[in-house]
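The structure appears right after this line, and notes come after that.
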Amino acid sequence: MAKGVWVIAEQKDGNIRRVTLEAVSAGRGLADKVNEEMAVIIPGTGVEGLADEMFHYGADKVYLIDDPSLKEYTADGYITPLFNLINENQPSILIMGATSEGKDLTPGLSARLKTGLATDCTGLDIDGQARLEAIRPVYAGKAIAKVIWPESRPQMATIRPNVMKIGTPDKGRKGGVIKVETTINPGDIRTTVKEIVKSAGTGVDLAEARIVVSGGRGMKGAENFKILEELSDVVGGAVGASRSVVDAGWRDHQFQVGQTGKTVSPDLYIACGISGAIQHLAGMSSSKYIVAINKDPEANIFKVADYGIVGDLFEIVPVLTEEFKKILAE
Ligand SMILES: Cc1cc2nc3c(=O)[nH]c(=O)nc-3n(C[C@H](O)[C@H](O)[C@H](O)COP(=O)(O)OP(=O)(O)OC[C@H]3O[C@@H](n4cnc5c(N)ncnc54)[C@H](O)[C@@H]3O)c2cc1C
């Protein structure tokens with residue numbers, strides 16, 4: 001019988017990603033509810049040093065899939081050892097972050113495991129029959145679906161970054177480390193990562209940023225995004241964009257927020273010159289606080305905004321930047 005709550009950890013530059021801490025904290029809560037063990041798998045190269053942090057956040061066991069060919073993420077390299085380990089141990093629940101890596105890895109893995117996958121979940125719970133119940137927005141956020149897995153195991157879900165709470169770490173907590181034997185043939189990995197180019201800016205990942213400053217067609221040109229970058233730098237955020245901006249070639253697609261771009265869920269989303277089309281709202285409406293700056297008082301974005309500023313963004317944004325600078329300096 002399938003047993004245990006498992007999380008697939010993700011690391012970047014040798015640090016566990018924030019969404020993994022969210023997944024581990026959520027996993028701990030679920031494991032306590034069903035009275036089962038919680039385990040974390042860390043795939044990568046030289047990842048042994050990351051195990052302790054997983055115990056601090058609630059893991060009972062950590063499986064290390066440590067192999068030189070897993071230095072950079074590739075679906076070919078990661079899926080087979082993950083599949084072998086999961087298939088052998090039959091966990092009941094399997095969670096990962098809905099990051100680019102999670103979105104790429106989990107569909108292939110769920111197909112290999114012959115189980116269902118609920119993507120981009122904003123809530124996870126246990127129902128009356130000790131089954132996972134996943135909550136996920138559908139139809140561009142217009143409706144909420146509750147997903148259960150009546151038969152297939154593991155019950156597999158990815159979680160939207162920045163939505164679930166991270167538990168308080170217990171630095172005295174320890175657990176068991178299991179080093180997984182791998183037999184990865186580098187020749188089976190069909191993709192070669194030649195170079196990773198870091199994007200300019202604060203270096204804060206858009207999907208995981210706590211503050212996102214986004215610009216729409218109202219920015220009027222690529223050069224004007226400088227004022228959003230200045231604001232974002234001051235508050236330690238990331239700059240996003242609407243699809244119109246991306247289509248116009250003012251920003252790269254990696255910065256697009258919305259149905260066909262990234263889903264973000266920051267503490268604060270500042271929408272500048274964005275009308276608030278449903279496809280844009282699909283990517284940011286779960287933000288904790290939304291501030292909209294738009295010169296049209298009838299703009300749809302004001303319907304979802306917690307705070308609305310009707311006016312010219314070219315006057316308002318620089319004032320906000322200066323005010324934030326002053327407040328943060330204090
Ligand atoms: C299948 C499909 C998928 C899509 N996916 C996405 C997606 O992922 N993300 C996305 O964003 N869109 C997406 N879209 C497009 C979406 O429908 C809208 O066209 C788009 O979001 C509009 O972008 P915008 O708000 O920047 O531009 P507009 O709708 O043109 O709005 C510009 C706003 O700027 C305001 N403004 C202008 N000047 C100023 C100023 N000086 N100061 C303040 N305000 C000003 C205007 O009042 C206006 O409200 C998708 C569409 C389709 C059909």
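Whatever order the structure lists ligands and atoms in, that order sets their numbers, starting from 1. Predicted, not measured: the structure shown is a model, and the values here were computed from it. This chain uses plain numbering: 1 for the first residue, then up along the sequence.
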Query - Closest heavy-atom pair and its distance - G283, V257 - result: O-CG1, 3.6 Å
Query raised in the report: Is the centre of the Y269 ring less than 6.0 Å from the centre of the Y289 ring?
Result: no
Query raised in the report: Should C272 and L228 count as side-chain neighbours, where that means a heavy-atom distance under 4.5 Å?
Result: yes
Requested in this report: Tell me the residues surrounding ligand 1, counting only those with a heavy atom closer than 4.0 angstrom, sorted by chain and number.
Outcome: G216, R217, G218, K220, S242, R243, S244, Q256, V257, G258, Q259, T260, G261, G273, I274, S275, A277, Q279, H280, N294, K295, D296, G311, D312, L313, F314
Requested in this report: For residues I166 and R18, determine if any side-chain heavy atom of one lies less than 4.5 Å from a side-chain heavy atom of the other.
Outcome: yes
Query raised in the report: Are K179 and E48 within salt-bridge range, i.e. N to O under 4.0 Å?
Result: yes
Query raised in the report: Among side-chain atoms of S286 and R160, is any donor-acceptor pair under 3.5 angstrom?
Result: yes
